[in-house]
Protein chains: 2
Amino acid sequence: MQLTTKGRYAVTAILDLALHGGEGPVSLADISGRQDISLPYLEQLFGKLRRAGVVNSVRGPGGGYGLARDASAIFVAEIIGAVDESVDTTRCQGAGDCQGGETCLTHSFWEDLSEQILGFLQGVSLADLIARREVRRIAGEQDRKQHGKAPRIPLAMTGAGLDETRISAGAP
Amino acid sequence: MQLTTKGRYAVTAILDLALHGGEGPVSLADISGRQDISLPYLEQLFGKLRRAGVVNSVRGPGGGYGLARDASAIFVAEIIGAVDESVDTTRCQGAGDCQGGETCLTHSFWEDLSEQILGFLQGVSLADLIARREVRRIAGEQDRKQHGKAPRIPLAMTGAGLDETRISAGAP
DNA sequence: CAATAACCAAGTAAATCAGTCAAGTATCTG
DNA sequence: CAGATACTTGACTGATTTACTTGGTTATTG
């Protein structure tokens with residue numbers, strides 16, 4: 001299982017992009033300033049994200065990045081997959097040779113867990129995240145701090161009743 | 001998120017204990033031999049597991065470890081919690097000060113993910129794992145390789161219809 | 001009392017991560 | 001077309017963490 005700040009930063013940055021990309025490209029410098037992520041590190045991450053087809057870039061003055069698709073068609077699992085190796089929790093990366101060529105006792109269990117996590121991440125889109133009240137509140141504060149700019153949230157995306165993404169879990 | 005070989009080893013070792021603990025204590029040397037985990041490392045892990053109340057120990061010759069409770073009352077989440085710090089996926093360990101004292105844009109999302117994973121792990125008991133056909137097959141092979149011993153599976157625990165632990169995931 | 005097995009405390013090599021640096025290339029504005 | 005802007009690429013590094021070892025102590029059985 002690889003869920004580190006790399007994946008977290010990527011999701012945060014892309015979400016920032018989704019929030020501010022309403023009109024034209026967003027520069028990494030802007031994202032860096034708002035989200036407190038170092039610029040060169042963002043460059044590294046966005047290189048992978050572009051190659052994975054999550055974002056597209058515009059060069060030259062006034063350039064920057066934009067989402068490659070609608071926010072409702074980009075899922076968190078894609079973003080994490082693009083920058084991290086995987087969300088696999090088995091030791092053998094699913095190969096089944098965990099114990100000297102043999103399958104270890106708990107292999108199938110970790111496979112189930114991985115599937116579980118992946119299923120969750122595949123079910124949450126950027127649009128779902130934007131719809132959260134919490135996200136919009138924080139984004140608004142960040143915009144205010146930055147330049148007094150109004151938050152550029154494409155209101156068409158903020159559906160009602162989606163405030164907290166909740167997916168049914170197993171018996172408690 | 002801390003899900004490394006430490007947690008995996010702990011679950012595997014405890015499962016081995018559950019499978020072989022039918023009659024009296026099981027020594028770490030036995031588990032080490034069957035599961036290919038270094039003995040001193042097992043000692044480290046079982047120290048934590050004992051302090052967490054998951055297993056109890058008997059010292060001296062013929063001593064070893066046993067489950068502190070019935071296999072149906074010990075859940076994977078406990079085992080991982082005992083050896084790893086947590087299964088939290090937020091950067092700030094849930095404190096909400098991810099971005100220089102402020103809450104970062106994606107904080108609530110990682111909280112949800114953490115809850116999701118924890119819910120899954122809390123819903124799977126050792127008895128559930130023992131009931132898996134896969135686990136019993138592998139355990140049988142391991143026993144045969146070792147000493148030609150018969151697998152000591154407490155048959156009372158192997159309920160039917162539980163072969164694959166499946167917990168309902170969100171919409172795909 | 002001797003063998004056994006749990007218990008305990010440091011210490012260490014390797015791997016990984018987060019982040020940096022430097023040099024380069026494409027694109028736009030004036 | 002010239003300069004500035006901004007993305008692109010790839011190698012590099014310090015710090016942290018992990019997995020595992022060493023060496024010893026304490027309790028219990030026969």
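All chains are named by letter (A, B, ...) in the order of the sequence lines, taking the proteins before the strands, and each is independently numbered beginning at 1.
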Query raised in the report: Do any side-chain nitrogens or oxygens of B/R51 fall under 4.0 Å of OP1 or OP2 in C/dC7?
Result: no
What nitrogen or oxygen pairs link the protein and nucleotides 19-21 of chain D at under 3.5 Å?
residue, atom, partner, partner atom, Å
D/dA19, OP1, B/T5, N, 2.9
D/dA19, OP1, B/T5, OG1, 2.0
D/dA19, OP2, B/T4, OG1, 3.2
D/dA19, OP2, B/T5, OG1, 3.4
D/dA19, OP2, B/K6, N, 3.4
D/dA19, O5', B/T5, OG1, 2.9
D/dC20, N4, B/Q44, NE2, 3.3
D/dT21, OP2, B/S38, OG, 2.9
D/dT21, O4, B/Q44, NE2, 3.4

Query raised in the report: Nearest heavy-atom pair of A/D16 and B/L105: which atoms, and what distance?
Result: N-CD2, 4.1 Å
Report task. Kindly indicate whether the side chain of A/K48, heavy atoms from C-beta on, has any atom under 4.5 Å from the side chain of A/K6. Result -> yes
Report summary line: When rounded to whole Å, the CD1 to C1' distance for the pair B/I31 and C/dA5 reads 13 Å
Query raised in the report: Just to confirm, is there a sub-4.0 Å distance from OP1 or OP2 of D/dA6 to any side-chain nitrogen or oxygen of A/S57?
Result: no
Between the protein and nucleotides 24-30 of chain D, list every N/O to N/O distance that falls short of 3.5 Å.
residue, atom, partner, partner atom, Å
D/dT26, O2, B/R59, NH2, 2.8

Query raised in the report: Just wondering, do A/L15 and B/F109 contact through their side chains at under 4.5 Å, heavy atoms?
Result: no
**Report entry** Within one Ile-Leu-Val-Met-Phe-Trp-Tyr cluster: A/L67 and A/I130, side-chain cutoff 4.5 Å
**Finding:** yes
Requested in this report: Round to a whole Å and report the spacing from CG of A/L42 to P of D/dC7.
Outcome: 10 Å
Query raised in the report: Is A/L113 close to B/F120 at the side-chain level, that is, under 4.5 Å between some pair of heavy atoms?
Result: yes
Report task. Return the value, rounded to whole Å, for the distance between atom CG of A/N56 and atom P of D/dT8. Result -> 10 Å
Query raised in the report: Just wondering, do B/I31 and B/L42 contact through their side chains at under 4.5 Å, heavy atoms?
Result: yes
Query raised in the report: Quick one: CD1 on A/I14 to CD1 on A/I74, what's the gap to the nearest 0.5 Å?
Result: 6.5 Å
Query raised in the report: Within the pair B/R50 and C/dC7, is there a side-chain N or O less than 4.0 Å away from OP1 or OP2?
Result: yes
Report summary line: Residues B/G62 and B/P25: closest non-hydrogen pair is O-CG, 3.9 Å
Query raised in the report: Separation of B/K48 atom NZ from C/dC8 atom C1', in whole Å?
Result: 13 Å
Requested in this report: Without swapping roles, check the side chain of B/S114 against the backbone of B/W110 for a donor-acceptor pair under 3.5 Å.
Outcome: yes
Requested in this report: For the helix from C/dC1-D/dG30 to C/dG30-D/dC1, measure the angle between the helix axis at one end and the axis at the other, each built from five pairs, rounding to 10°.
Outcome: 20°
Query raised in the report: Taking atom types as modelled and ignoring hydrogens, do the side chains of B/T106 and A/T12 form a donor-acceptor contact shorter than 3.5 angstrom?
Result: yes
Requested in this report: For the residue pair B/Q122 and B/E78, confirm or rule out a side-chain donor-acceptor distance under 3.5 Å.
Outcome: no
